[in-house]
Amino acid sequence: MPEPLDPALTRLKPLLLDTEGLVRAVASGRRRNAHPEPTRAELRPVELREGRRLQITTTDGRTPVTRNYAGEPAGSAVDALLAQPFGNWHVQTRDAIVQLRVTKRGEAQVHVESQTVQPVDAAHDRAKQHLIDPADPLFTALGADAAKRRQVDAFLRQLAPIARRVKPADRPLRVVDLGCGNAYLTMAAHRYLATEIDPEVRTLGVDIRPEMAERNSRVAEDAGLTGLGFKAASIEEAATDPDLAGVDIVLALHACDTATDDALALAVRWQARGVLAAPCCHNDIQRQLQDASATPFAGLTRHAILRERFADVLTDTARADLLRLLGYRVEVVEFIDSKHTPRNALIRAVHTGTAPTGRRVAEYAELVASWQINPALAQRLEPELAAVLG
Ligand SMILES: C[S@@+](CC[C@H](N)C(=O)[O-])C[C@H]1O[C@@H](n2cnc3c(N)ncnc32)[C@H](O)[C@@H]1O
């Protein structure tokens, strides 16, 4: 039930100032037609030589500023933050998680969840284990569960070094997430890149389902994320979208079946410098293996479960080989433990423009000939491959 905002905010003050009980708090997002300054604030207790302090880190979206407070100045600093038109407050204490969201009518929607956590070890910075704090209200706004937060964090760890490497010197970094779905990754990546790598980063999420673009745009606006947009389009349609030419990094997290191939093909066509694709189901090659008249090592494809697993390996091997032939340096890595998602392989590629060696070309030719397959990615990139392979 919505309630008046001011008393609800006043109730947060003692929680924020209690450095024995507070675990951490984040203020973010913005109220309708309002712009908080700073755009985000994070509060937590820290143990310093002079004693326990309330540490407040604020950012204007570009530069974080950290200050430590005690006594009266802590109270004034908290008052000043509570007076800012943030859209969300997420306060985690030893006993509870309190979430306060400001509704469109300017009322407070407060949710309190009881919990028991160990006393705060302020010297041990647990938040540093995550690139984006799992308690970030952004995830709450997105409705992401713990498994999704972990997955997104693991993906960001792979993205970070590539983004640093490919960030253009003369213009903002441009990123597209193809098959973005609920945009957990899109928004987390955008927030991370804007905070750590390029405050001017432009990110676009593309999904074939129109309701996704609508919902994601709303969540992004509520969370105060700027430079981020969403498009309802198929990946194939995105190929000719003039807004998307010149993208630096292509992301695709669990884009269904051959949608991953669509994403990889686009990355090649755009000559995106960085590509990170964690494939999902692999039906295309599985079907081709089933139809093949004779395959080497027939036992590998005789039983459905083995055929399925083998098709996964064969599909991603062919994808990696094709990217290499087309001038990418490619690694295929496990980006997260399989207990979090069975779809945990990541194709990570950086464009170098290096021409393939004869050996690489022969390896790929032998692979597809032996298994009688024509991978979806090869079909999409026929002209580009013809130019390389002759
Ligand atoms: C399994 S979901 C993954 C969503 C998101 N990347 C994530 O990891 O949470 C796959 C998404 O790809 C989208 N999709 C599938 N085929 C597509 C295509 N050809 N073009 C654009 N989006 C597509 C679906 O609508 C769906 O939202």
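Counting convention: from 1, in listed order, for ligands and their atoms alike. No hydrogens, no waters, no symmetry mates; every other heavy atom, side chains included, goes into these values.
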May I ask whether Asn182 has any heavy atom positioned less than 4.0 angstrom from an atom of ligand 1?
no
Just jot down the ligand 1 atoms closer than 4.0 angstrom to any heavy atom of Ala233, in number order.
21 (C)
With only distance considered, is Gly179 within less than 3.5 Å of ligand 1 through an N or O on each side?
yes
Within a distance under 4.0 Å of any heavy atom of Leu253, pick out the atoms of ligand 1 and give their elements.
3 (C), 5 (C), 6 (N), 7 (C), 8 (O)
Can you run down the ring-ring contact (aromatic ring centres under 6.0 Å, His included) pairs that involve residues 151-173, sequence neighbours left out, and say none if there aren't any?
Phe155-Phe335
Proximity of Lys148 to ligand 1 by residue part, where a heavy atom lies under 4.0 Å:
side chain
His340-Arg150 side chain donor-acceptor pair, cut-off 3.5 Å
yes
Among protein heavy atoms, which sits nearest to atom 19 (N) of ligand 1, and what does the distance come to when rounded to 0.1 Å?
Glu236 OE1, 3.5 Å
So is there a nitrogen or oxygen of Cys280 less than 3.5 Å from a nitrogen or oxygen in ligand 1?
no
Nearest heavy atom to atom 1 (C) of ligand 1: which of His254, Arg343, Met212 does it belong to?
His254
Which is it for Asp316 and Arg319 under the salt bridge (charged side-chain N to carboxylate O under 4.0 Å, His left out) test, yes or no, and what are the steps along the way?
CA-CA 5 Å; Asp316 289 335; Arg319 285 168 172 160; 2.9 Å; yes
Return a yes/no value for Val206: is any of its N or O atoms, backbone included, closer than 3.5 angstrom to an N or O of ligand 1?
no
Pull out every atom of ligand 1 sitting under 4.0 Å from any heavy atom of Gly181, numbered as shown with elements.
4 (C), 27 (O)
Quick check on contacts: which atoms of ligand 1 are under 4.0 angstrom from a heavy atom of Tyr184?
9 (O)
Under 4.0 Å to a heavy atom of Cys256 - the qualifying atoms of ligand 1, by number:
10 (C), 15 (C)
